[in-house]
Amino acid sequence: MNRVELISDRISAAHLDRRRNRELQRQERVFNTKVRTIGIDKEALQHQVQEKRSQQESEAKALKEHVDDLIRTDRTACLLESRRKKDEHLLAEAIVNFRQQFQQPSSRREFDLNDPEVLKKQDGVHILPGLAGEDLNIGDRTRRQREQLRDWTLQQQQELDQAKELRRLQAQQYDQSRVALDNRALKLQKMEEEHKRATNIAIKDFNQALAVKLQERKERERRQEEENNRTDILNHLQGELLSENTQRSARVRRDCYKGMTPEQIREFTICQQQQAEEKKHVRLKQRYEQLKEDRLHMASARTALLQERQQARINKELRRAVDETNKELAQVHDGLKKALKEVYTNVPDESYFSQFNKCSR
């Protein structure tokens, strides 16, 4: 019975063997460096290399065709240029031949077309009025050109003198305005310095007065503290004395207060009332001093605020003066530009002079 083997066991063993073999093959593929193919597709890489080579070959072929086309175009242009020059040369030769054959001197406008031989029929030697291309009015034209050049020179000199005078007047006006601005700036600076000096003096006086007040206050506090200490010592001594008298005459308390006579009790009561009045007077005086010091601080703060406002007003006036001066200078500059434009309205240049003496006529 133990040696009996079932078909299901065989099938399971066969499946297990196949799985074991597949695992061994997979491990062989993965861990063997010679046949490892994980992460690399050799066929895809070869396909990419072939595509790149074909692309480079197509680009090289297109470049070669373009170069051949350029060479062909250059050769065509050279041939056309040589043909054009040859045609021009032939045309020039044809023109010269035509003039030699059909445009003789006897057929020109200076001769009578009805009688070309009129000069030969004349008797004697006649001097022509001028050679071909000669200018007979050169003297008159030269004189007129000299006169025109002299007029231009005088006009230019006059314009230059006017421009110099205008620049001189503008420079003088600018110097005057600058001196006025400098004087105004000095005046404003002097006012500002005086204001600062007065402000510093007021602050110094205020600080001195405040220091004196603080010194007096400290002195009063010190005296008050000494007086309070002295009063406390007396009260303590009197209290000890009264406590001793109370212990002595604890049983006999009819007409006396803690062993004191009525006169002593009255004097002691009057003394306590005086001390209370003095303390009240001291408190009122301290409160009055505190209020006075607060008013002084408020007055100093108000004075500082007024001084700041006055300084801001002075700065604003200075800024307004500078703006007005800049505006005046800008107006002067604009006027100068307009004047220069009016003076130099029509200035002759090289193109104007180059239109003369171009030919002999």
Side-chain angles (χ1 to χ4, degrees), residues 1-95 192 196 203 294 297-298 300-302 304-305 307-327 329-331 333-334 336-337 340-341 349-351 354:
M1 291 299 291
N2 293 331
R3 294 180 181 179
V4 175
E5 188 176 2
L6 299 175
I7 297 174
S8 61
D9 295 335
R10 289 182 181 180
I11 293 172
S12 299
H15 282 298
L16 185 61
D17 291 337
R18 281 198 301 272
R19 289 178 63 186
R20 188 179 294 112
N21 292 329
R22 282 200 302 268
E23 181 66 22
L24 291 175
Q25 290 176 5
R26 188 187 68 81
Q27 291 179 1
E28 183 68 21
R29 287 195 309 271
V30 171
F31 297 105
N32 191 358
T33 57
K34 293 182 179 180
V35 296
R36 182 182 298 170
T37 58
I38 293 178
I40 298 174
D41 192 355
K42 188 175 181 180
E43 293 180 357
L45 292 176
Q46 289 179 357
H47 182 66
Q48 290 178 1
V49 171
Q50 289 178 0
E51 285 183 351
K52 190 172 182 180
R53 286 179 182 175
S54 62
Q55 185 179 2
Q56 290 177 356
E57 289 176 358
S58 62
E59 290 178 357
K61 185 177 180 181
L63 181 61
K64 186 177 180 182
E65 290 178 356
H66 180 65
V67 171
D68 294 338
D69 191 9
L70 290 176
I71 293 171
R72 193 182 308 108
T73 306
D74 292 339
R75 288 178 180 176
T76 305
C78 291
L79 291 173
L80 292 174
E81 183 69 20
S82 62
R83 186 178 298 174
R84 185 183 63 81
K85 290 182 179 179
K86 186 176 179 180
D87 293 340
E88 289 179 355
H89 183 66
L90 293 174
L91 181 60
E93 288 182 352
I95 291 171
E192 186 178 1
K196 287 183 179 179
I203 292 172
D294 293 338
H297 282 296
M298 291 291 290
S300 62
R302 184 178 180 183
L305 182 60
Q307 289 176 357
E308 289 179 358
R309 290 180 179 177
Q310 187 176 3
Q311 186 66 31
R313 194 180 301 108
I314 292 172
N315 294 330
K316 188 176 181 180
E317 291 178 358
L318 288 172
R319 184 62 184 172
R320 188 183 297 110
V322 173
D323 293 338
E324 291 178 356
T325 305
N326 292 331
K327 186 177 180 181
L329 291 176
Q331 291 178 357
H333 184 66
D334 293 337
L336 175 61
K337 289 176 67 176
L340 290 176
K341 287 182 179 179
D349 52 0
E350 293 295 334
S351 62
S354 63

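Quick note: residue numbers are just sequence positions, from 1.
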- Query: Counting only N and O atoms by type, is there a donor-acceptor contact under 3.5 Å from the side chain of Asp69 to the main-chain atoms of Glu65?
  - Reply: no

- Identify whether the distance between the nearest side-chain nitrogen and carboxylate oxygen of Glu192 and Lys196 falls below 4.0 Å. yes

- Task: With sequence neighbours excluded, tell me which residues meet side-chain hydrogen bond (donor to acceptor under 3.5 Å, both in side chains) with Arg18.
- Result: His15

- Query: What is the distance from atom CZ of Arg83 to atom SG of Cys78, rounded to the nearest 0.5 Å?
  - Reply: 12.5 Å

- Message: Strictly below 4.0 Å, N to O, side chains only: are Glu23 and Arg26 in salt-bridge contact?
- Response: yes

- Task: Determine, for Arg319 against Asp323, whether the closest basic-nitrogen to carboxylate-oxygen distance falls under 4.0 angstrom.
- Result: yes

- Query: What's the spacing between Ser58 OG and Leu63 CG if we round to 0.5 Å?
  - Reply: 11.0 Å

- From CA spacing to verdict: side-chain contact (heavy atoms from CB on, under 4.5 Å), Gln307, Gln311: CA-CA 6 Å; Gln307 289 176 357; Gln311 186 66 31; over 6 Å; no

- Quick one: CG on Asn21 to CD on Glu28, what's the gap to the nearest 0.5 Å? 12.5 Å

- Leu90 and Glu93: CA distance, side-chain angles, deciding distance, side-chain contact (heavy atoms from CB on, under 4.5 Å) verdict: CA-CA 5 Å; Leu90 293 174; Glu93 288 182 352; 4.2 Å; yes

- Task: Any chance you could measure Leu16, atom CG, to Asp9, atom CG, to the nearest 0.5 Å?
- Result: 12.0 Å

- Message: Is there a side-chain contact between Ile11 and Ile7 in this structure, where contact means two heavy atoms from C-beta onward sitting under 4.5 Å apart?
- Response: yes

- Pairing of Glu88 and Arg84 as salt bridge, 4.0 angstrom limit: yes

- Report the C-alpha separation of Leu70 and His66 in whole Å, then their side-chain angles, then the decisive distance to 0.1 Å, and conclude whether the side-chain contact (heavy atoms from CB on, under 4.5 Å) test is met. CA-CA 6 Å; Leu70 290 176; His66 180 65; 3.6 Å; yes

- Hits for side chain to side chain contact (heavy atoms under 4.5 Å, CB included) against Ile71, two or more places apart or cross-chain, chain-then-number order -> Val67, Arg75

- Message: Measuring from atom CZ of Arg309 to atom CD1 of Ile314, what distance do you get when rounded to the nearest 0.5 angstrom?
- Response: 14.5 Å

